[in-house]
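FYI, side chains are in, hydrogens and waters are out, and symmetry mates aren't considered; it's all heavy atoms of this structure. The chains referred to below are lettered A, B, ... by the order of the sequence lines, with proteins before strands, and numbering in each begins at 1. Quick caveat, the model's predicted, so the values are computed rather than measured.
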There are 2 protein chains.
Amino acid sequence: MTEQRARGGRPRGSTRERILDVALQLFNEQGYDKTSLREIAERLQVTKAALYYHFERKEDILLQLHLRLHELGREVLDRLGNLDAAADKTLAWMEMLDQFIDQIVANRDLFLLHQRNHNAFEVLEHSESHTAEHEDLEAQMRRLLADTSIPLTRRVRMASAIGAVLGALMGAGEAFPDATPEEVAEIVREIVRELLEQREKARV
Amino acid sequence: MTEQRARGGRPRGSTRERILDVALQLFNEQGYDKTSLREIAERLQVTKAALYYHFERKEDILLQLHLRLHELGREVLDRLGNLDAAADKTLAWMEMLDQFIDQIVANRDLFLLHQRNHNAFEVLEHSESHTAEHEDLEAQMRRLLADTSIPLTRRVRMASAIGAVLGALMGAGEAFPDATPEEVAEIVREIVRELLEQREKARV
DNA sequence: GTCTATATTTCGATAGAC
DNA sequence: GTCTATCGAAATATAGAC
């Protein structure tokens, strides 16, 4: 029952994937830095040295988990990129956040890892492999928000919309056990629409 | 110019306070776990052993920074507690978030520490000193959001409002260099009102 | 691909002089 | 209150047999 939860559409059960799954689990429980390779090996019933056959360094384990997250980011950014030059980016943003919400619901543990080990991920960026197009979803969102050709109010609303999604779906933890993730997601979608829609100022 | 930034209304310049300031700085740059006492000592131009005169363990440094944050939390919770039994908690929540916004603007580095070192703070809670009333602001907010006597929609909106505040004031980093923190804060206040206000459903 | 054994480094923490 | 010197523990990583 614990081994069986399928992730993505990946080769299941390979030792390499099992290492990544266990690592993700432990990193979320204790944090990346506080989790030793010894602990990962013990939970997998293998020795430390076995891990080094599959990954050269501990950091590489985190890097691979980062790539899983990066794939999700590409999906979102590709859709957004097509509409980049559109005059009104509001619709594109709403669609992006809709997809973002879906991804969080489907990959909560991966987003949790990113959120709870922010510092560990930062050193990944500052090492190799971050030559150019390897840019993070978060970094690209920041660039979006820094576009001064967009009125400040709209940019702050966009940042708040992202935060609202994370706050309801991630920050609240298991605060909504009386609701399914889809129910919560639907409420958040409505909130995003409220935050981003162009209101007609002519109303009272 | 770097030494002079005043924090709170505390005894400035005492070695103990300088340790805490430098530690806060380094913890935010590299993370708590990746920051060694050697580094803190070097930046302060003292030796490691000197730190141990002021703090028994490394964890105690983090604990004191936690207490700075905890004081801010008490201020918010005291105000909220008075209105706890009110029939309509909406107004209380708005006031709380207003104060929350002020605190973030005034103590961004402290909140950053809490956000970026979530795991390190967790072990603090699970050790001593967390007997009872030492409960975290975050923990109490979670209890609030878990109150099933409140409709789900309103609780999700509350969680999103908190997230919106954090997203605009913390997550966006320095994405709004063209605006003062107060300008951004004012926009966020309006967003919070929109998210929490009781809308008259009778419209359109 | 996994093991045993060990090298290497760094860290948190202490003892005791000044 | 700060220093020098050092200890013990734990972590990452490697060498080489099976």
With the criterion being N/O to N/O and under 3.5 Å, what pairs connect the protein with nucleotides 1-4 of chain C, and how long is each?
{"from": "dG1(C)", "atom 1": "OP2", "to": "Y53(A)", "atom 2": "OH", "distance (Å)": "2.7"}
{"from": "dT2(C)", "atom 1": "OP1", "to": "T15(A)", "atom 2": "OG1", "distance (Å)": "3.4"}
{"from": "dT2(C)", "atom 1": "OP2", "to": "H54(A)", "atom 2": "NE2", "distance (Å)": "2.9"}
{"from": "dC3(C)", "atom 1": "OP2", "to": "T47(A)", "atom 2": "N", "distance (Å)": "2.7"}
{"from": "dC3(C)", "atom 1": "OP2", "to": "T47(A)", "atom 2": "OG1", "distance (Å)": "2.8"}

Between [N] ([atom2]) and [X] ([atom1]): distance, integer Å:
| X | N | atom1 | atom2 | result |
| --- | --- | --- | --- | --- |
| D60(B) | dT14(C) | CG | C1' | 15 Å |
| R38(A) | dT12(D) | CZ | C1' | 12 Å |
| I40(A) | dA10(D) | CD1 | P | 18 Å |
| D33(B) | dG12(C) | CG | P | 9 Å |
| Y52(A) | dA7(C) | OH | P | 17 Å |
| K58(B) | dA13(C) | NZ | C1' | 13 Å |
| I61(A) | dT12(D) | CD1 | C1' | 11 Å |
| R57(A) | dT9(C) | CZ | P | 17 Å |

Would you check if M141(B) and L137(B) make a side-chain contact, meaning some heavy-atom pair closer than 4.5 Å?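 M141(B) reaches L137(B) side chain to side chain.
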Show me, pair by pair, the donor-acceptor contacts under 3.5 angstrom made by side chains of residues 153-172 of chain B, not counting sequence neighbours?
{"from": "R154(B)", "atom 1": "NH1", "to": "T90(B)", "atom 2": "OG1", "distance (Å)": "2.9"}
{"from": "R154(B)", "atom 1": "NH2", "to": "T90(B)", "atom 2": "OG1", "distance (Å)": "2.9"}
{"from": "R154(B)", "atom 1": "NH2", "to": "L196(B)", "atom 2": "O", "distance (Å)": "3.0"}
{"from": "R155(B)", "atom 1": "NE", "to": "D147(B)", "atom 2": "O", "distance (Å)": "3.4"}
{"from": "R155(B)", "atom 1": "NE", "to": "I150(B)", "atom 2": "O", "distance (Å)": "3.0"}
{"from": "R155(B)", "atom 1": "NH1", "to": "L145(B)", "atom 2": "O", "distance (Å)": "3.2"}
{"from": "R155(B)", "atom 1": "NH2", "to": "D178(A)", "atom 2": "OD2", "distance (Å)": "2.6"}
{"from": "R157(B)", "atom 1": "NH1", "to": "E194(A)", "atom 2": "OE1", "distance (Å)": "3.4"}
{"from": "R157(B)", "atom 1": "NH1", "to": "L195(B)", "atom 2": "O", "distance (Å)": "3.0"}
{"from": "R157(B)", "atom 1": "NH2", "to": "E194(A)", "atom 2": "OE1", "distance (Å)": "3.4"}
{"from": "R157(B)", "atom 1": "NH2", "to": "E194(A)", "atom 2": "OE2", "distance (Å)": "2.5"}
{"from": "S160(B)", "atom 1": "OG", "to": "A164(A)", "atom 2": "O", "distance (Å)": "3.2"}
{"from": "S160(B)", "atom 1": "OG", "to": "V156(B)", "atom 2": "O", "distance (Å)": "3.3"}

Sugar-phosphate only, base, or nothing, as touched by S14(B) at under 4.0 Å among non-hydrogen atoms: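 Since no nucleic acid heavy atom lies under 4.0 Å of S14(B), the category is nothing.
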Keeping to residues at least two apart or across chains, list the ring-ring contact (aromatic ring centres under 6.0 Å, His included) pairs with something in residues 99-120 of chain A.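 Every ring-ring contact (aromatic ring centres under 6.0 Å, His included) pair that includes a residue of residues 99-120 of chain A, provided the two are not neighbours, is F100(A)-F111(A), H114(A)-F121(A).
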All pairs passing ring-ring contact (aromatic ring centres under 6.0 Å, His included) where residues 12-40 of chain B contributes a residue, at least two apart: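 Residue pairs with at least one partner in residues 12-40 of chain B: F27(B)-Y32(B).
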All side chain to side chain contact (heavy atoms under 4.5 Å, CB included) counterparts of R189(A), not counting sequence neighbours: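 Result, side chain to side chain contact (heavy atoms under 4.5 Å, CB included) vs R189(A): D98(A), I101(A), D102(A), A185(A), E186(A), R193(A).
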Those residues that, when tested against E42(B), pass salt bridge (Lys or Arg N to Asp or Glu O under 4.0 Å) (two or more places apart):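 If we apply the salt bridge (Lys or Arg N to Asp or Glu O under 4.0 Å) test to E42(B), skipping adjacent residues, the hits are R38(B).
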If you pin E56(A) and S36(A) to their nearest nucleotides in DNA chain D, which one's is more 5'?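 Per heavy-atom nearest nucleotide, the more 5' residue is S36(A).
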